[in-house]
There are 2 protein chains.
Amino acid sequence: MSYYGPVSDARIPPHPDPRDVPLQQVLEALVDPVRRSILTQLAHAADDVKCGGFDLDVSTSTATHHFKVLREAGLIRQYYVGTSRMNSLRGDEVGKAFPGLLDAIVAAESGRRGQRRGTSSATTRSGRSAKRTPSVA
Amino acid sequence: MSYYGPVSDARIPPHPDPRDVPLQQVLEALVDPVRRSILTQLAHAADDVKCGGFDLDVSTSTATHHFKVLREAGLIRQYYVGTSRMNSLRGDEVGKAFPGLLDAIVAAESGRRGQRRGTSSATTRSGRSAKRTPSVA
DNA sequence: ACCATAGTACGACACTCGTCATAGTTTGAG
DNA sequence: CTCAAACTATGACGAGTGTCGTACTATGGT
């Protein structure tokens, strides 16, 4: 199977096989803009990226939550390097379980050749709850 | 552009061009199991299907809501024939706006070649709110 | 005309989920 | 040993949405 980082780390929760993850769960993971941002950044990165290395507009704890959702959906693999948690896209494995799905998402996210009007990439449509900038405090 | 049914019907709300629909909105439409069921049934049907012709486990009013979401996401086209509202999959147009996306979903929904264990197709994972069988009344 | 058929619209309700703040844990360096 | 860095876990809160029932509208047939 060949792992990347340390073969076994007590801090690392188990990673499911993407083929065992229901489509429903994968789509629920993909529907959040922040999580899709993580995936596309990962897809475009040359190397694996540590949790703190992403450009995300949410707090650290929220980011942790999103990483967990992605990991449990079988979309990313995580392993520790020192105190940093590294993330890698499980592109190949996901591709075998859901052919074309992840590619289509990533391509649509960063490209939109079919698009007509704005290429603004302002994907922040609803996002469930905004709560952005809670009027100071 | 060649329409299918009656060229103009006051009862029919406007259909957006799939290329103008944000990816976010499309994914929000695709994440619901009932809506995906509509799409796959439509993908496998030989002809267009009327709203009442689908096998769905929700009430009529709820189904109406789902059809609306799909239409506004540019995924289906609706037109009246008598009192029946017909539905057709906008496969080609969606394919141009989001290459491979719809195909991947439909394929994963009805097939799962990559799958290992259960082919149970019990896609009903969370579904947001169940409320099924409200303990009588 | 009258009524059945086929859907839509509206309002209410419950439940899920994204968000943050705070506290806790583990590793690595000094 | 102590402290900083990097995350994770928990609890609370608010917003969005899937669900239903009921009321309403519009064809089509008798």
Side-chain angles (χ1 to χ4, degrees), chain A residues 5-6 9-13 24-25 27-38 49-54 56-73 76 78-87 124-137, chain B residues 5-6 9-13 24-25 27-38 49-54 56-73 76 78-87 124-137:
Chain A
D9 191 318
R11 292 171 293 175
I12 290 292
Q24 183 61 36
Q25 186 174 352
L27 290 178
E28 283 172 4
L30 291 173
V31 80
D32 186 276
V34 177
R35 289 194 286 264
R36 270 205 315 286
S37 176
I38 292 174
V49 184
K50 54 179 259 190
C51 288
F54 290 87
L56 304 173
D57 288 335
V58 293
S59 68
T60 316
S61 53
T62 298
T64 295
H65 164 65
H66 288 307
F67 284 117
K68 181 180 181 183
V69 173
L70 289 172
R71 176 184 7 100
E72 294 180 340
I76 64 172
Q78 298 191 299
Y79 58 96
Y80 268 102
V81 172
T83 63
S84 294
R85 199 168 212 172
M86 304 299 295
N87 302 275
T124 315
R125 207 183 72 88
S126 69
R128 193 57 114 271
S129 70
K131 201 189 195 181
R132 205 58 56 85
T133 320
S135 70
V136 192
Chain B
D9 191 320
R11 292 171 293 176
I12 291 292
Q24 183 62 35
Q25 186 174 351
L27 290 178
E28 284 172 3
L30 291 172
V31 81
D32 187 276
V34 176
R35 289 195 285 265
R36 269 204 318 284
S37 177
I38 292 175
V49 184
K50 54 180 259 189
C51 289
F54 289 87
L56 303 173
D57 289 333
V58 293
S59 68
T60 316
S61 54
T62 299
T64 295
H65 164 66
H66 288 308
F67 284 117
K68 181 180 180 183
V69 172
L70 289 172
R71 175 181 13 96
E72 294 180 340
I76 64 172
Q78 297 191 299
Y79 59 96
Y80 267 102
V81 172
T83 63
S84 294
R85 200 168 211 171
M86 304 299 296
N87 302 275
T124 315
R125 209 181 72 88
S126 69
R128 193 55 114 280
S129 72
K131 200 192 195 177
R132 204 58 55 86
T133 320
S135 69
V136 192

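So you know, we letter chains A, B, ... as the sequences are listed, proteins then strands, and number each from 1.
Contact record, A:Gly82 with A:Arg11: O-NH1, 3.5 Å, taken as the closest heavy-atom pair.
Scored by the side chain to side chain contact (heavy atoms under 4.5 Å, CB included) test, B:Ala63 finds B:Leu56, B:Val58, B:Phe67 as partners (sequence neighbours excluded). Evaluation of the side-chain hydrogen bond (donor to acceptor under 3.5 Å, both in side chains) rule for B:Thr62 yields B:Ser59 as partners, not counting sequence neighbours. Qualifying side-chain hydrogen bond (donor to acceptor under 3.5 Å, both in side chains) partners for B:Ser84, counting only residues two or more places apart in sequence or in other chains: none. Remark: A:His66 pairs with A:Arg35 by the side-chain hydrogen bond (donor to acceptor under 3.5 Å, both in side chains) rule, at least two apart or across chains.
Remark: P of D:dG18 and CG of B:Asp57 are 16 Å apart, rounded to the nearest angstrom. What separates CD of A:Glu28 from P of C:dC15 is a distance of 17 Å, to the nearest Å. Straight-line distance from the CD atom of A:Gln24 to the P atom of C:dT16: 14 Å, rounded to whole Å. What separates CG of B:Leu56 from P of D:dG18 is a distance of 14 Å, to the nearest Å. Here the C1' atom of nucleotide D:dG18 and the CZ atom of B:Arg35 are 8 Å apart, to the nearest Å. The separation between A:Gln25 atom CD and C:dT16 atom C1' is 15 Å, rounded to whole Å. With rounding to whole Å, A:Asp32 atom CG is found 12 Å from C:dC17 atom P. Distance CD (B:Glu72) to P (D:dG18): 12 Å, rounded to an integer number of Å.
In this structure, the side chain of A:Asn87 engages the main chain of A:Val49 through a donor-acceptor pair within 3.5 Å. Side chain of A:Gln24 to main chain of B:Val31: a donor-acceptor pair is present (N/O by atom type, distance under 3.5 Å, no hydrogens or angles).
Helix bend of the helix from C:dA1-D:dT30 to C:dG30-D:dC1: the angle between its two end axes, each built from five pairs, comes to 20° after rounding to 10°.
With contacts defined as side-chain heavy-atom distances shorter than 4.5 Å, the pair B:Val69/B:Glu28 does not qualify. Using a 4.5 Å heavy-atom threshold, the side chains of B:Gln78 and B:Cys51 count as touching.
For B:Ser59, a side-chain nitrogen or oxygen approaches OP1 or OP2 of D:dC20 to under 4.0 Å. Taking 4.0 angstrom as the limit, B:His66 places a side-chain polar atom (N or O) nearer than this to OP1 or OP2 of D:dT19.
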How does each nucleotide of nucleotides 2-8 of chain C score, in 5' to 3' order, for protein heavy atoms under 4.0 Å: base (B), sugar-phosphate only (S), or none (-)? ----SSB
